[in-house]
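Step one of this worksheet: look at the structure below.
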Amino acid sequence: MRLLNYVIIGNSAAAVGGIEGLRSVDKEGKITVISDEPYHTYSRPLISYWLEGKVKDSNIYYRDKDFYDKNKCETIFGRTVVSIDKNAKQVILDDNTSVSYDRLLVSTGSEPFIPSISGLESVSQKYSFMTFDSAKEVKAALKKPQRVLIMGAGLIGLKAAEAIADKVSSLTIVDLADRILPSILTADAARIVQKHIEAHGAKFILSQSVKEFRGNTAVLSGGDTVDFDILITAVGVRPNTELISDAGGKVARGIVTNKAQMTSIKNVYAAGDCTVSHDVSSGSDKILALLPNAYKQGEVAGINMAGGKAVYENAIPMNAIGFFGLHMITAGSYEGKTHIKKSGSQYKCIYYSDDVLKGYILIGDVSNAGIYTNMIRERIPLKTVDKKLMFESPRLMAMPFAYRREKLGGIKQ
Amino acid sequence: MKRVYVNEEWCLGCHLCEYYCAFQNSGESDMVKAFGRDEKPVSRIRVEDVDGEDGIHFAVSCRHCDDPQCVKGCITGALSIKDGVISVNEDKCIGCCTCVLSCPYGAIVIDEGKAIKKCDLCVKNGNGEPACVANCPNRAIVFEERG
Ligand SMILES: Cc1cc2nc3c(=O)[nH]c(=O)nc-3n(C[C@H](O)[C@H](O)[C@H](O)COP(=O)(O)OP(=O)(O)OC[C@H]3O[C@@H](n4cnc5c(N)ncnc54)[C@H](O)[C@@H]3O)c2cc1C
Ligand code: SF4
Ligand code: SF4
């Protein structure tokens with residue numbers, strides 16, 4: 001049989017999942033990885049750790065140096081794919097060359113959303129915080145301490161804040177939402193984390209947006225002004241879906257795929273931050289811009305591209321993050337009844353219905369949180385577990401004996 | 001593949017497996033020294049207990065899953081699979097706890113401010129049999145093939 005020709009656009013978590021998925025089935029087919037970023041695959045979340053100085057240059061990479069060799073991949077880095085010609089089964093690059101495919105994986109991720117604010121062009125030093133290059137730019141700009149304004153108190157904005165907190169002369173974070181980390185924390189939980197971050201010198205301005213920039217002065221919706229030297233925008237991301245929509249494929253905010261990660265275009269698959277996922281905890285479709293999700297979708301895509309069989313199921317929003325030593329883990333959807341416990345900077349809120357665990361927020365002690373995650377993903381009936389024990393802390397003791405016998409004892413009934 | 005399996009009915013709740021695991025991974029040759037030092041050695045196995053007369057006890061350590069959520073979700077690539085054994089590259093791990101969020105069994109141990117710790121079946125520092133199993137007085141954990 002003729003060797004198949006696989007092409008992957010993007011070179012991050014979803015692409016690596018794709019390569020490893022492909023190679024688990026097809027050891028010989030040709031794989032070509034194309035990315036506009038000029039780097040060996042690196043871990044995007046590590047850019048803040050790198051900027052902070054906690055991760056050295058050689059440790060920012062997501063896979064070992066010999067990754068492409070071992071997986072027999074050809075790489076085309078520093079080139080952008082500008083279109084997909086689905087009839088000729090080719091992708092066209094920005095230097096007008098083309099690469100043919102039998103199966104294509106689109107793992108183009110997302111890019112920073114830049115809001116249109118009047119006067120933004122008059123800001124002399126402005127950066128986003130999504131790529132290794134952007135982290136390098138921020139590092140260069142902060143050679144000497146300066147006043148930094150961050151727009152956006154979400155995960156990326158706050159990770160940037162943590163990274164630069166001891167390199168700045170002042171640090172202000174403004175967000176339109178009434179609380180920090182609005183996508184993962186409730187108001188109660190957010191207050192705890194906000195207090196902790198403020199203790200490290202960051203100042204928050206919430207429930208306000210930047211109305212206008214006058215050079216290096218931000219005019220807020222409430223009328224106040226903030227002077228700064230450096231602006232970091234982290235107000236959100238938007239999925240890179242154009243390649244698929246231009247080729248006539250189905251897009252609903254993100255690229256739409258089936259459970260095998262196949263798009264509506266024949267022989268074209270998609271995975272990662274550029275796609276929509278089905279969140280089983282809420283029953284709705286959404287973009288889950290999270291690394292574990294990207295990897296697993298990529299792997300499923302790769303297996304199917306190579307002729308194997310895999311489906312991506314049981315996706316839920318889930319996040320582990322920390323700021324200045326304070327851990328938090330959140331998962332699922334925040335609906336139904338609640339079980340809340342808090343003391344100091346320790347916080348726990350469990351969301352549940354009569355049947356199943358729906359979601360949770362843990363701040364501080366996050367040990368064994370995956371036991372809760374598993375209950376949500378697998379929709380383990382609450383009536384089969386000792387609810388009191390389980391709500392006290394995640395533990396296998398609260399699971400039925402038969403479950404432990406199977407999982408720990410390896411004995412299936 | 002050989003794994004650590006739990007015979008829950010036989011567990012006494014003595015926690016010896018935790019001590020021996022921590023010691024084995026401490027890099028010390030002397031137990032008194034290992035537990036006496038400032039930086040306390042960390043066990044990769046944990047015992048869950050419910051006290052009382054008919055108390056239940058059992059040890060939990062990594063299952064070395066065929067479909068390891070921890071490896072797939074690791075945001076840095078610090079976790080990897082070699083010959084079925086899942087281990088962490090402590091130089092690379094940043095302690096973000098995404099694996100703690102992902103592991104269905106609570107088999108990842110948080111070591112505050114440092115790389116996470118997890119069972120690697122003593123492949124790096126052992127002599128064939130994991131230290132926890134070797135030192136369990138009641139065969140409540142065993143190292144064998146169970147398919
Ligand atoms: C600072 C920061 C911290 C984060 N922390 C966490 C965390 O703690 N936990 C977590 O789960 N997630 C975190 N994330 C999110 C995580 O990084 C993403 O979910 C993950 O990287 C998605 O992977 P992906 O492969 O789908 O896309 P991406 O990582 O976005 O990669 C897509 C790649 O495709 C390239 N590309 C796009 N279009 C083209 C084209 N036309 N031609 C060629 N190349 C193209 C892009 O340049 C990029 O290299 C963080 C993100 C950031 C920025
Ligand atoms: S740490 Fe947990 S998820 Fe990972 S292999 Fe072990 S038991 Fe499985
Ligand atoms: S804590 Fe370490 S091993 Fe676990 S996901 Fe984060 S980097 Fe990977």
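Every value quoted in this text rests on a predicted model; they were computed, and no experiment measured them. Numbers restart at 1 for each chain; the letters A, B, ... are given by sequence-line order, proteins then strands.
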Select one option (side chain, backbone, both, neither) describing which atoms of [X] are under 4.5 Å from chain A's heavy atoms.
X         : answer
Ala59(B)  : backbone
Cys74(B)  : backbone
Glu144(B) : neither

Pick one of side chain, backbone, both or neither for [X], based on which atoms fall under 4.5 Å of a heavy atom in chain B.
X         : result
Asn319(A) : backbone
Tyr49(A)  : side chain
Leu46(A)  : side chain
Phe67(A)  : neither
Val16(A)  : neither
Lys296(A) : side chain

Do you know which two heavy atoms are closest between [X] and [Y], and how far apart they sit?
X         : Y         : result
Ala320(A) : Cys96(B)  : CB-O, 3.5 Å
Arg63(B)  : Leu408(A) : NH2-O, 2.8 Å
Glu8(B)   : Phe401(A) : OE2-CD1, 3.5 Å
Asn374(A) : Pro104(B) : CG-CB, 3.6 Å
Leu101(B) : Thr330(A) : CD1-O, 4.0 Å
Cys97(B)  : Val366(A) : SG-CG2, 4.3 Å

If you measure from [atom1] on [X] to [atom2] on [Y], what distance do you get to the nearest 0.5 Å?
X         : Y         : atom1 : atom2 : result
Met399(A) : Tyr105(B) : CE    : OH    : 9.0 Å
Ile110(B) : Asp365(A) : CD1   : CG    : 7.0 Å
Arg377(A) : Ser102(B) : CZ    : OG    : 8.0 Å
Ser58(A)  : Lys92(B)  : OG    : NZ    : 9.0 Å
Met397(A) : Ile56(B)  : CE    : CD1   : 5.5 Å
Asn368(A) : Ile108(B) : CG    : CD1   : 10.0 Å

Within the distance-only criterion (no hydrogens, no angle test), does the side chain of [X] pair as donor or acceptor with the backbone N or O of [Y] below 3.5 angstrom?
X         : Y         : value
Ser43(A)  : Ile75(B)  : yes
Arg146(B) : Gly409(A) : yes
Glu48(B)  : Arg395(A) : no

Would Lys56(A) and Asp91(B) pass as an ion pair if we require N to O under 4.0 Å?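 Salt bridge: yes.
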
Residues in side chain to side chain donor-acceptor pair (under 3.5 Å) with His327(A), at least two apart?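 Glu112(B).
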
May I ask you to check whether over 12 heavy atoms, not counting those of Tyr19(B), lie within 6.0 Å of atom OH?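 Incorrect, the count does not exceed 12.
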
If you count heavy atoms of other groups shown closer than 6.0 angstrom to NZ of Lys65(A), is the number above 12?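 Result for NZ/Lys65(A): enclosed.
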
With a 4.5 Å cut-off on heavy-atom pairs, point out which of Ile141(B), Val109(B), Thr98(B), Val4(B) contacts chain A the most.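 Option with the greatest count: Thr98(B).
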
Among Glu378(A), Glu299(A), Lys54(A), residue most engaged with chain B (heavy-atom pairs, under 4.5 Å):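 Winner by heavy-atom pair count: Glu299(A).
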
